[in-house]
Amino acid sequence: MGVDWTKLPPELLESISENLKLYPDYLSFRAVCRGWRSSTPKTPSHLPPQLPWLMLPPSQSYQSHCAFYDLSTNKLRFLSLPESSNPNKRHCGSSHGWLVVLDESPSILLLNPLSRAKLHLPSLSSFPNVHSFNYSHVGKEYSLRSPSGDLYTRNLRQMRDSIKKIVLSVNPSKELRFVAIAILNQTGELVYCKNGDDSWRFIPGAQSYSEDVIYCEGLFYAVDKHGGIAICDVHDDSPKVSIVQTRTQLDGDMQYLINSGDELLLITRHLDLEFSFEPHQSYLVYRTKRFEVSRLVWSGPHWERVKSLYDKMVFIGENSSLSLSASDFTGCMGNCIYFTDDYSESNYDGSLGEHDIGIYKLWDGSIEPLPCYPRNSFFRMGWPTPLWVTPTPC
């Protein structure tokens, strides 16, 4: 006589579910039958860091939904995200599974796509470089003060696009005492706020360390164009900044910091300028040519070139940079860099051409398209740039 799998004891089902490590597997487990669903929590709290999904640009067919490409299953997952689908919205980072959403208002929204939890950070009008803000001054709503003290104006869209990336210290669902750091595009300054603050504050001494920021073991690490590091402690009211002057000066177009195990890695991106042709017009586009990987040797200190990431794979772009082991997931390759286009402000305003995204293989220097890329006709510039988002159900 066969086993009736729908009648398994609830405590056994709960034990089995707690041994599932991948969120898609957990969803499939709960989908078996009503008994299995009732024996397991809808929102798992035991899952380790998950493989990020690629948030694709909106399509005409799914205007209130966002498509996410899941590498492990090679499938698209659609989530209802009206807060993120408006053409005036811009994604300004993803961190610990939370999207940072800006629009042509001072609002800064944190949104978890899976749980649909929302939080608001202090508004753009509370940034320390904002002298005044007035909706009635159409086209010149913001008056800003430059580092030299001069006043200049920006409209709503320009202010929205003046933020390069916002990075969170921890998952706000698990720790309400989180900190956010924003990188300012034009001036290269860093500003921060703590949850519950009314405004943002400068981090003195960290200007120009604006290529990338990550959080690691209680501190923020920021990197400049040549690989110099600023270590920022923002726990107290007066931030403390320590500068790590590296002997090795790295040349490249963009830099990304990665916390990989017990090592601090630097990914250097090199771009080429190319002509692209379409009927009746031609235009210049940037393309990724290659990447280099270095690790920080603290004695010295200096950057040392890394020939292989072995089982590790890294995900870079507007997201908080991430390193994972390929052997923990299906559908992935180790020793690879999964990258998205995060360097062109024109991404937000209708430029033509395809996004510069793909998989860079460190062992031979080749670039492979992401599997979802050829299939989606809406993968064009003029939509927001694709973005890695780690599925975090809680």
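The first residue of the sequence shown is numbered 1, and numbering continues consecutively from there. Only heavy atoms go into these numbers, but all of them, side chains included; no hydrogens, no water, no symmetry mates.
- In this structure, Arg116 and Glu83 have side chains that are in contact, with non-hydrogen atoms separated by less than 4.5 Å.
- Between Tyr338 and Trp388, the two ring planes are perpendicular [angle over 60°; tilted spans 30° to 60°].
- The two atoms that bring Ser308 and Leu362 nearest to each other are CA-CD2, 4.0 Å, heavy atoms only.
- Enclosure of atom CZ in Arg247 by more than 12 non-hydrogen atoms of other residues, nucleotides or ligands within 6.0 angstrom is indicated.
- When only modelled atom types and interatomic distance are considered, Ser323 and Ser260 share a side-chain donor-acceptor pair under 3.5 Å.
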Step-by-step side chain to side chain contact (heavy atoms under 4.5 Å, CB included) determination, Ile231 to Val244: CA-CA 8 Å; Ile231 303 175; Val244 179; 3.8 Å; yes

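- Note that the NZ atom of Lys89 and the CD atom of Glu104 stand 10.0 Å from one another [nearest 0.5 Å].
- Remark: side-chain polar atoms of Asn195 are not paired, donor with acceptor, to backbone N or O of Asp197 under 3.5 angstrom.
- Taking 4.5 Å as the limit, some side-chain heavy atom of Pro52 sits within range of a side-chain heavy atom of Leu324.
- Considering all non-hydrogen atoms of both residues, Gln50 and Leu322 come closest at O-CD2, 4.5 Å.
- The two residues Phe329 and Leu51 come nearest to each other via the heavy atoms CE2-N, 3.4 Å.
- Formation of a donor-acceptor pair under 3.5 Å by the Ser15 side chain with backbone atoms of Leu12 is not found in this model.
- For Gln207 (side chain) and Thr187 (main-chain N/O), a donor-acceptor pair under 3.5 Å exists by modelled atom type.
- With no hydrogens or angles considered, no side-chain donor-acceptor pair links Thr392 and Thr390 at under 3.5 Å.
- No donor-acceptor distance shorter than 3.5 angstrom exists from the side chain of Trp303 to the backbone of Val297, with no hydrogens or angles considered.
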Pair Gln255-Lys225, side chain to side chain contact (heavy atoms under 4.5 Å, CB included): steps then yes or no: CA-CA 7 Å; Gln255 309 284 4; Lys225 199 76 172 177; 5.6 Å; no

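- Shown here for Cys193 and Leu121, the closest heavy-atom pair between the two residues is SG-CD2, 4.3 Å.
- When every heavy atom of Ile166 is checked against every heavy atom of Ala180, the shortest pair comes out as CG2-CB, 4.2 Å.
- Here the CZ-CG distance, from Arg160 to Leu102, works out to 8.0 Å after rounding to the nearest 0.5 Å.
- Using a distance-only test at 3.5 Å, with no hydrogens or angles considered, a donor-acceptor pair links the side chain of Glu175 to the main chain of Arg177.
- Judged by distance alone, with hydrogens and angles left aside, the side-chain atoms of Ser125 form no donor-acceptor pair with the main-chain N or O of Pro106 at under 3.5 Å.
- Between atom CE of residue Met159 and atom CZ of residue Arg157 there is a gap of 15.5 Å, rounded to the nearest 0.5 Å.
- Grouping the Ile, Leu, Val, Met, Phe, Trp and Tyr side chains by contacts below 4.5 angstrom, directly or via other members, places Leu370 with Leu56.
- In this structure the side chain of Val191 never reaches within 4.5 angstrom of the side chain of Arg201, judged on heavy atoms.
- Between the side chain of Ser169 and the backbone N or O of Val179, at least one donor-acceptor pair lies under 3.5 Å.
- One hydrophobic cluster, built from ILVMFWY side chains closer than 4.5 Å, holds both Leu76 and Ile359.
- Other residues, nucleotides and ligands place more than 12 heavy atoms under 6.0 Å from the OH atom of Tyr152.
- Within the 3.5 Å criterion, the main-chain N or O of Ser210 finds a donor-acceptor partner in the side chain of Lys164.
- Tyr69 and Met333 end up in the same hydrophobic cluster when Ile, Leu, Val, Met, Phe, Trp and Tyr side chains are linked at under 4.5 Å.
- For the pair Phe127/Ile163, a side-chain contact is recorded, criterion being any heavy-atom separation below 4.5 Å from C-beta on.
- No chain of hydrophobic side-chain contacts below 4.5 Å, direct or via other Ile, Leu, Val, Met, Phe, Trp or Tyr residues, connects Phe220 to Leu257.
- Ser94 contributes atom OG, which lies 11.0 Å from atom CG of Asn112 (distance to the nearest 0.5 angstrom).
- Formation of a donor-acceptor pair under 3.5 Å by the Thr288 side chain with backbone atoms of Arg290 is not found in this model.
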Side chain to side chain contact (heavy atoms under 4.5 Å, CB included) evaluation trace for Leu309 with Cys336: CA-CA 7 Å; Leu309 292 170; Cys336 286; over 6 Å; no

Evaluation steps, side chain to side chain contact (heavy atoms under 4.5 Å, CB included), between Val223 and Leu266: CA-CA 9 Å; Val223 64; Leu266 185 69; 3.8 Å; yes

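- For the pairing with Phe291, the side chain to side chain contact (heavy atoms under 4.5 Å, CB included) check across Ile337, Val314, Thr268 returns one residue only, Ile337.
- Residues Ile203 and Ile229 fall into different hydrophobic clusters, defined by Ile, Leu, Val, Met, Phe, Trp and Tyr side chains chained together at heavy-atom separations under 4.5 Å.
- A salt bridge does not link Asp70 with Lys75: none of the charged nitrogens is closer than 4.0 Å to a carboxylate oxygen.
- Classification of Glu141 and Arg154 as a salt-bridged pair fails, no side-chain N sitting under 4.0 Å from a carboxylate O.
- Tyr360 OH to Lys289 NZ: the interatomic distance, rounded to the nearest 0.5 Å, is 10.0 Å.
- The number of heavy-atom neighbours closer than 6.0 Å to CG of Asp364, taken from other residues, nucleotides and ligands shown, is above 12.
- At least one side-chain heavy atom of Ser294 sits under 4.5 Å from a side-chain heavy atom of Leu250.
- The closest side-chain heavy-atom distance from Asp356 to Leu271 is below 4.5 Å.
- Defined by atom type and a distance below 3.5 Å, a donor-acceptor pair is present between the side-chain atoms of Lys312 and Ser325.
- In summary, the side chains of Ser148 and Ser146 do present a donor paired with an acceptor at a separation below 3.5 Å, with no hydrogens or angles considered.
- Under the 4.0 Å criterion applied to side-chain N and carboxylate O atoms, Asp236 and Lys240 are assigned as salt-bridge partners.
- Two residues are said to be in side-chain contact when any heavy atoms from C-beta on lie closer than 4.5 Å; Val130 and Leu124 fail this criterion.
- Using a 3.5 Å distance cut-off with no hydrogens or angles, the side chains of Asp224 and His226 do not pair a donor with an acceptor.
- In this structure, Asp253 does not pair ionically with Arg269, as no charged nitrogen and carboxylate oxygen lie closer than 4.0 Å.
- Taking 4.5 Å as the limit, every side-chain heavy atom of Ser95 sits out of range of all side-chain heavy atoms of Trp98.
- The backbone N or O of Gln158 lies less than 3.5 Å from no partner atom in the side chain of Asp161, so there is not a single donor-acceptor pair.
- Under the side chain to side chain donor-acceptor pair (under 3.5 Å) test applied with Lys165, the options Asn185, Asn319, Asp342, Asp212 reduce to a single match, Asp212.
- Distance check, rounded to the nearest 0.5 Å: CG of Leu110 to CG of Leu99 gives 9.5 Å.
- Of all heavy-atom pairs between Tyr209 and Gln245, the closest is OH-NE2, 4.1 Å.
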